Enquirer: 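Have a look at this one before I ask anything.
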Amino acid sequence: MSTFLLEIGTEELPADFARLALPQLEQLVRRDLTEQRLSHGVVTTTSTPRRIALLVEGLPAAAADLEEERKGPPAGQAFKDGVPTPAAIGFAKRCGIAPEALELRDTPKGPFVFARVLERGRPTAAVLAEHIPQWIGALQGRRFMRWGEGESRFSRPVRWLVALLDATVIPVTLQGSDPEVRAGNTSRGHRLLAESVTIPSAGAYAESLAAVGVQVDRAGRAAAIRSAVLEAAAALGARPDLPDDLFDELTDLVEAPLLIEGSVAEQSLGLPPEVLSTVMRAHQRYVPLYLSGAASDPLALDAKDALLPRFLCIGNGLPAASDTVRRGNERVLKARLADAEFFVQADRAVPSIDRRDRLARVTFAEGLGSLLDRVERIEWLTDVLLEQLQLGAATGDHARRAAHLCKHDLVSQMVGEFPELQGIIGGKYLLAEGEPRAVALAVLEHYLPRGAGDDLPSSDAGAVVALAERLELLLSIYAKGERPSGSSDPYALRRAGNGLLQILWERGWSLDLQALLRRATAHWSQLLPHFSVQAPALATELAEFLRQRLVSLLEEQGVDGDLVQAVAGEGVAIERVLSDPADARQRADLLAALRASGELAGVQAVVTRAARLAEKGSLDAARLSPAGVVDAALFEKPSEAAMLQVLEQLQPIAAGEGAARYGELARALAASRDTLAAFFDGDQSVMVMADEPAVRTNRLNLLGLLRNQASVLADFSRIAG
């Protein structure tokens, strides 16, 4: 068995390319080797900033032979008086055998000719030589480029190619490259250590590159970086601010990681901690160091109690040059932080209320007016939300003030330079100007959550303004006529819908979104007459969009798809889903718990059977009480009376208020399972579809009531058995 090595050597690649390319390359290789009948062992992909590499172990010398039987024309068409006809000769030629080798066999449709075909497996080296250019050409990524006068496209110019089957070079030429690239056994080492290195065999790849300063194993490089950062931070009594995206980027920016520790000027700690960390992480790829155990204050105006005056970075140079690199990094950071200090001072010279007025000069989106117009729409929605949620006077005052000022920092110099700080810097400026902390915090939090897994607003006022901001975006962009489609969602409407629902769920607020959408779309049709908004149609479309987001969120959180459909799917009335999205979440969670405990199946069996028969009746789906629709005088068996007694016990629970009734309803259904089952089976069971119309209707009404009462919890017909 042999090992195959493919290394695509390039100029420095974008840090994110490897994470996109490696799984693609592995999938392509696995697919094509399988199609070519080449068995193999472990497939490994790895990368450095200057190479994408693949290793395949356990390859045989050649692909497996393929023996198959092919059916040809009918015997009568293939032979005339025992002599092959052109039909037989053509079929034999296509199969690569002589006409004399054809066999005659009887089939259910009569005698036919057959051919046994043996396709010899191709040599492994030939298969690889054919596919290597295809694999390279099939890789996709952002911002591909051409170079020289060639027509090849790749993330960065391809400069060398290593293709080895054990120690044998696979002859491959990349057509369209300039200069022409031919495969060999020569790779390149660290830029500062060695220009080239010979790879004696595929199995010696990592060892050969390590000798010239390249840690080619991406996973090993990542582990080394994380270990070095954690050890250095622990030695300083600090916690490293190393989010996953920065960690991945550092891993893909270096071939020989070297930890360097640098200093931050003490005066820079007078800036807010988020300013320092943003400059370090997002702009310089440094690792900020937070004081271990320091309290986190999102509105802190300086970093003195949060950050150490130190940072860590991962270099790609030689250890001897570490001091030079450190001084250079400190100098660059000092200049960046000096700029930030200037921006803060310039912003603080202008009151936030004056910046709000400047929003009138900035267009939000075509046809939707300025950012100031948007703020005024957010204020209107904030008032409507406060009216429905009834959160108290103080919360209302803080939310209204926060909505009034929520976007003022979008025209600040700090946000112009560091867009990541919008909301954060706005809240800090307001606190520094003397606004109540609750107002400043609400301005900061109205951007939350920024994405999946992000924090949610911690304050009621912040949550209200966050809801208003997302509703305004959905209403305005939908009124404009734009919709998310496929992977295209330029206004992040899906994220806005998700955030809206997550906030309601987290705070446990009951909000009638359906009524809110009807009221808001009517208002939007007056605000934006040039879009000719049809308010009812827009409300319906937005409601369905939010239903989709609710279903998607529940499934992402691990609720089984059938249970999600039972509480919020298309078969459930949209009013039921959106009149209280928190209610739908509670019911889904309860169903999941019942399934996990094994209690759901028994309840479902009885309810589903009743619901199927109830379809033959005409009972109103909203009816929950047996009074007036069930006549006990028509009962013929004790099981009917027992069924009525269960329905009378379930009715006040089903008609009740509050989420607690769902668990009570589920328990009551489970406890009544045997009584309900006796209605269908056993000595006391009844024939529902009785000949007597009055008796038949009476029994169908019993089943219809059970269906209706159970549907308060879920549409059981959607739940898989």
Side-chain angles (χ1 to χ4, degrees), residues 1-10 18 21-22 24-48 50-66 118-139 150 152 154 157-177 179-190 194-218 220 255:
M1 292 296 178
S2 300
T3 298
F4 165 57
L5 165 66
L6 172 64
E7 181 190 65
I8 309 163
T10 69
L22 294 183
Q24 294 180 52
L25 181 59
E26 180 175 345
Q27 183 179 10
L28 289 166
V29 170
R30 287 183 181 277
R31 181 198 68 190
D32 289 344
L33 293 182
T34 300
E35 288 180 356
Q36 294 296 318
R37 306 190 303 282
L38 267 172
S39 61
H40 59 82
V42 177
V43 178
T44 305
T45 55
T46 189
S47 68
T48 78
R50 293 207 295 161
R51 71 203 78 227
I52 298 291
L54 168 94
L55 283 160
V56 183
E57 301 175 18
L59 283 168
D65 295 339
L66 175 65
L118 176 64
E119 182 182 332
R120 293 289 182 187
R122 298 171 61 200
T124 298
V127 173
L128 295 173
E130 176 185 313
H131 283 86
I132 286 170
Q134 298 174 15
W135 292 334
I136 296 173
L139 295 179
S152 291
F154 205 66
V158 178
R159 296 307 190 199
W160 76 91
L161 190 67
V162 177
L164 292 175
L165 189 59
D166 287 337
T168 303
V169 174
I170 300 173
V172 174
T173 299
L174 295 186
Q175 301 296 329
S177 57
E180 186 177 74
V181 175
R182 297 187 180 208
N185 64 351
T186 302
S187 181
R188 300 186 188 180
H190 193 288
E195 179 58 28
S196 64
V197 58
T198 299
I199 311 295
S201 69
Y205 178 56
E207 176 186 341
S208 300
L209 286 181
V212 288
V214 175
Q215 189 171 358
V216 74
D217 177 19
R218 186 180 184 277
E255 291 189 323

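Note that the coordinates shown come from a computational prediction; the quantities given were computed from them, not determined experimentally.
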Enquirer: Whether the side chain of Arg182 engages the backbone of Leu161 through a donor-acceptor N/O pair (distance < 3.5 Å, no angle test) should be reported.
Expert: no
Enquirer: Please report the interatomic distance CG(Leu5) to OG1(Thr44), rounded to the nearest 0.5 Å.
Expert: 11.0 Å
Enquirer: How long is the straight-line distance from CD1 of Ile170 back to CG of Leu6, given to the nearest 0.5 Å?
Expert: 8.5 Å
Enquirer: Given 3.5 Å as the limit, does a donor-acceptor pair link the side chain of Thr46 with the main chain of Val216, or not?
Expert: yes
Enquirer: Can you tell me if Gln27 has over 12 outside heavy atoms packed within less than 6.0 Å of its CD?
Expert: no
Enquirer: Among all residues two or more places apart in sequence or in another chain, which pass the side chain to side chain contact (heavy atoms under 4.5 Å, CB included) test with Ser152?
Expert: Trp147, Ser177
Enquirer: Going by heavy atoms in the side chains, are Arg51 and Val162 under 4.5 Å from each other?
Expert: no
Enquirer: Give the minimum heavy-atom separation between Leu22 and Ala53, together with the two atoms involved.
Expert: CD2-O, 4.5 Å
Enquirer: Sequence neighbours left out, what passes ring-ring contact (aromatic ring centres under 6.0 Å, His included) with His40? Give chain and number order.
Expert: none
Enquirer: Mind listing the closest non-hydrogen atom pair of Ile52 and Ala21 along with its distance?
Expert: CD1-CB, 4.5 Å
Enquirer: Can you find a pair of side-chain heavy atoms, one from Ile136 and one from Leu25, that are under 4.5 Å apart?
Expert: no
Enquirer: Taking ring-ring contact (aromatic ring centres under 6.0 Å, His included) as the test, write out the residues that go with Trp160, two or more places apart.
Expert: none
Enquirer: Between Ser208 and Ile199, what is the shortest heavy-atom contact and its length?
Expert: CB-CD1, 3.7 Å
Enquirer: Test of understanding: with side chain to side chain contact (heavy atoms under 4.5 Å, CB included), list the residues that count as partners of Ala125, not counting sequence neighbours.
Expert: Leu165
Enquirer: I'd like to know if the side chain of Arg159 reaches the main chain of Arg50, judged simply by a donor and an acceptor atom lying under 3.5 Å from each other, with no hydrogens or angles considered.
Expert: no
Enquirer: Strictly by salt bridge (charged side-chain N to carboxylate O under 4.0 Å, His left out), give each pair with a member in residues 163-177 just once, sequence neighbours left out.
Expert: none
Enquirer: If I compare all heavy atoms of Glu255 with all of Thr48, which pair ends up nearest, and what's the gap?
Expert: OE2-OG1, 2.6 Å
Enquirer: Restricting to side chain to side chain contact (heavy atoms under 4.5 Å, CB included), what partner residues turn up for Arg120, sequence neighbours left out?
Expert: Asp65, Leu118
Enquirer: Please list, chain by chain and in numerical order, all residues satisfying side chain to side chain donor-acceptor pair (under 3.5 Å) with Gln24, sequence neighbours excluded.
Expert: none
Enquirer: For residues Ser2 and Thr124, determine if any side-chain heavy atom of one lies less than 4.5 Å from a side-chain heavy atom of the other.
Expert: no
Enquirer: Run the salt bridge (charged side-chain N to carboxylate O under 4.0 Å, His left out) test against Glu26 and tell me which residues pass, sequence neighbours left out.
Expert: Arg30
Enquirer: Between OG of Ser47 and CG of Leu54, what distance do you get to the nearest 0.5 Å?
Expert: 12.0 Å
Enquirer: Check whether any side-chain heavy atom of Leu38 sits under 4.5 Å from a side-chain heavy atom of Pro60, and report yes or no.
Expert: yes
Enquirer: Taking only residues two or more places apart in sequence, or in another chain, which ones meet Ala210 in a side chain to side chain contact (heavy atoms under 4.5 Å, CB included)?
Expert: none
Enquirer: What residue pairs, at least two apart or across chains, pass side-chain hydrogen bond (donor to acceptor under 3.5 Å, both in side chains) with a residue in residues 195-207?
Expert: Glu7-Tyr205
Enquirer: Can you find a heavy atom in the side chain of Leu164 that is under 4.5 Å from one in the side chain of Val169?
Expert: yes
Enquirer: Measuring from Arg122:CZ to Glu130:CD, what's the distance to the nearest 0.5 Å?
Expert: 4.5 Å
Enquirer: My understanding is that only residues two or more places apart in sequence, or in another chain, count here; which of them pass ring-ring contact (aromatic ring centres under 6.0 Å, His included) with Phe4?
Expert: none
Enquirer: According to salt bridge (charged side-chain N to carboxylate O under 4.0 Å, His left out), does anything in residues 31-44 pair up with another residue at least two apart or in another chain? List the pairs.
Expert: Arg37-Glu119
